[in-house]
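Just so we're on the same page: letters track the sequence lines, and every chain starts at 1.
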Amino acid sequence: MMITLLTDFGLADHFVGTLKGVIASISPKTPVVDITHEVPAYSIPQAAFLLDQSWRYFPKGTIHVAIVDPGVGSSRRPLLIESEQHYCIGPDNGLFSFILADPKSKVRHLNKPKYWLPDISTTFHGRDIFAPVAAHLANKIKPSQLGTLITDPIRTPALLPTRLSRRTWVGTVLHIDRYGNLITNYSQQQFDTLRNRPFSLTAGLHQTELYASTYAHCPEGELCVIPGSSGYWELSLANASAAKLTGLTPGSPLELTLA
Amino acid sequence: MMITLLTDFGLADHFVGTLKGVIASISPKTPVVDITHEVPAYSIPQAAFLLDQSWRYFPKGTIHVAIVDPGVGSSRRPLLIESEQHYCIGPDNGLFSFILADPKSKVRHLNKPKYWLPDISTTFHGRDIFAPVAAHLANKIKPSQLGTLITDPIRTPALLPTRLSRRTWVGTVLHIDRYGNLITNYSQQQFDTLRNRPFSLTAGLHQTELYASTYAHCPEGELCVIPGSSGYWELSLANASAAKLTGLTPGSPLELTLA
Amino acid sequence: MMITLLTDFGLADHFVGTLKGVIASISPKTPVVDITHEVPAYSIPQAAFLLDQSWRYFPKGTIHVAIVDPGVGSSRRPLLIESEQHYCIGPDNGLFSFILADPKSKVRHLNKPKYWLPDISTTFHGRDIFAPVAAHLANKIKPSQLGTLITDPIRTPALLPTRLSRRTWVGTVLHIDRYGNLITNYSQQQFDTLRNRPFSLTAGLHQTELYASTYAHCPEGELCVIPGSSGYWELSLANASAAKLTGLTPGSPLELTLA
């Protein structure tokens, strides 16, 4: 049993350390692993994407605490989700939309203050609610003791490319990674045809018709469409930043035309 | 028994990894947890604040290694402090002022090279002195074997608001967090009256008379005084940075007038 | 047995978390320690330097996974190196040049897909090859089962200062640390004479003739040569950034003249 953390807390404050202190005080033997704390502040869609990319790689039974929580202290509900023998804990604001797409997932409203810290601040539920609940769950407290089942968690509709005409779609940039690769929302499965059929992808003022199987096969200085590790097609520039070249950001449109 | 680390080393160098290697070589089973390594370089007051915000959330027996050490290699003393069954290790430069405010805290000068690495550099006592001492302490070496008691560690005077007149104080910005919230040195306990009595707080060219119980209750675009999780009043802007709006930095003055 | 990670992945993506998930899924009890993930993107020499500075401080038997891998997905080989009872895993691109300088080091080409993830992406071999192999090695799978011995790994020639005349050398900046110290490639061992013999070191438009034993002995505002913890001479500015003052970057020349 391990706990992962994914937040927009950054690493310059004491926030992440404090979460780990709270967990260690309740469940000293449970290992805690950071996924990332550098989600852009308040960016729920980026957090949802990053969680979706990583959670399946952890062992069954892992407890994923994910916190991007602009509504902290308001009436938004704290949640516990069970899906494919993984657990997710965090605010009810769409952050878990990918996981909730599985109709077998079970959702609970965390409403048992017995398993929270005694004093609840209005601004740091990570410390006061989410971390203690995760630690108690790691200590084998049953989900049913932590909250009651609900059926109406917030689900953000999946961001799929829109078909404009028989051969044209408009998609979007889901995420920009460290290397400036633009991760698109064109899935490799649905758009498998890009591997061997001529296409044209428009990214801002730039356009590419190049497919490359790896970064190393992408000609220097040319924008390429690459089958990234995310399961989505990615727009890349060999050893340089496609994001900087194109000026695109998450949410920017990407028009695809198949020949 | 666990060890926490709080430094201004940043994460781009090998420094933090090397500390963990040294600890693992001496005490392989002791878990090591990062509080933060992004304290602004040389900023002792920020490190003191961040340590004070987090250490109590860790289990009793935890060893906190805190290093912001512009005087490394000079005659400044390496310290071991015991307080409320927690241990703190680091340089004698005011970093532990909050913990030393407790008159029952015991302070030792780490002066037993037997528990240091064999070669002591003049610039990296984290690796050569603080990490090995923490690891030996985790291995149950007694504090009395690691150093001799002293009574004159450096204590920076507490930074409290100054009363200017019967209804006016001048305080300061203690810290700016990831979200651009300005953490003031007005404690919620001493200034509890802000919850229900009219007030006016001046922050640079801006002024606010608004109290909000949570970020979510703060009107869009308006500076609000919020009871943050720090125990101090915080100046916040809903989903935006109060620090950017006001241009204030740690140390900037904040004038409070009660109506 | 522990695993360390050193990459240019940054901390804003899910990449590091995903590596840790893969490792935990194969070898749940093995602790994983970050050296750094903030190596500048694609910078193999910086990664080689940072690995060289840290690996010896870890316990014997440690497995170091180091990934800066612009050639991922091409025909560059994945490697496993054994040296002084440490293991290194990563791409064959010069990243391990320091460790390979030891003629007793053994090098294997990781060519046994049995110990990889079932689906291999073309862009994230950290997740698909290096992390699983490290976890299997931690589980006591023998190196000989993971790959076959080779003798021709890529070795970047050591970057040593060049002698221009009897008393003049031209060296370079190896690395710039968090504090803006310029780590040179003048080793303290070879150039021990700087401690007590007049010298002049030219750094861009600046020049210094000052030696200081510690940061605290460096006069405010003056560039000093300091015996840093790296084993190399460092150019420092007390409580300020020598990199900012001089405008130098890794690779910039540094001319040394002995009097």
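- A/A24 and B/M2 get closest at one heavy-atom pair: CB-SD, 3.5 Å.
- Around atom CG of A/D119, no more than 12 heavy atoms belonging to other residues, nucleotides or ligands sit under 6.0 Å away.
- Side-chain atoms of B/Y179 never come within 3.5 Å of backbone atoms of A/Y42 as a donor-acceptor pair (strictly under, hydrogens ignored).
- The two residues A/F124 and B/S229 make their nearest non-hydrogen contact at CB-CB, 3.4 Å.
- A/S74 approaches B/A216 most closely through the heavy-atom pair CB-CB, 3.6 Å.
- Heavy-atom neighbours of A/K60 NZ from other residues, nucleotides or ligands within 6.0 Å: above the threshold of 12.
- Distance alone, capped at 3.5 Å, places no donor-acceptor pair between the B/R178 side chain and the A/L11 backbone.
- With a threshold of 4.5 angstrom between heavy atoms, A/R76 does not approach chain B through any atom at all.
- When side chains are defined from C-beta on, A/L117 counts as touching B/Y57, because their heavy atoms get closer than 4.5 Å.
- Taking A/V32, A/I23, A/D8 one by one and counting their heavy-atom pairs under 4.5 Å with chain B, the maximum is reached by A/D8.
- Neither the backbone nor the side chain of B/A47 comes within contact range of chain A; no heavy atoms are under 4.5 Å apart.
- The contact between A/H37 and chain B is made entirely by backbone atoms, counting heavy-atom distances below 4.5 Å.
- Across all their heavy atoms, A/F15 and B/D177 have their closest contact at CZ-OD2, 3.7 Å.
- In this structure, the side chains of B/T36 and A/D13 stay at 4.5 Å or more apart for every pair of heavy atoms.
- Along residues 65-72 of chain A, the residues that come nearer than 4.5 angstrom to chain B, judged on non-hydrogen atoms, are A/P70, A/G71, A/V72 in order of number.
- Looking only at atom types and distance, the side chain of B/D52 has no donor-acceptor partner in the side chain of A/H14 under 3.5 Å away.
- Residue contact with chain A, scored on non-hydrogen atoms closer than 4.5 Å, involves the backbone of B/D34 exclusively.
- When all heavy atoms are compared, the tightest approach of B/T214 to A/G73 is CG2-O, 3.4 Å.
- Only the backbone of A/P40 comes within contact range of chain B, with at least one heavy atom under 4.5 Å from a heavy atom of that chain.
- Contact annotation for A/S25: both backbone and side-chain heavy atoms come within less than 4.5 Å of a heavy atom of chain B.
- For the atom pair OG1 (A/T122) and NE2 (B/H217), the distance works out to 9.5 Å, reported to the nearest 0.5 Å.
- B/I226 touches chain A through its side chain: at least one heavy atom from C-beta onward sits under 4.5 Å away, while N, CA, C and O do not.
- For B/K140, the NZ atom is loosely surrounded, since the number of other residues' heavy atoms within 6.0 Å does not exceed 12.
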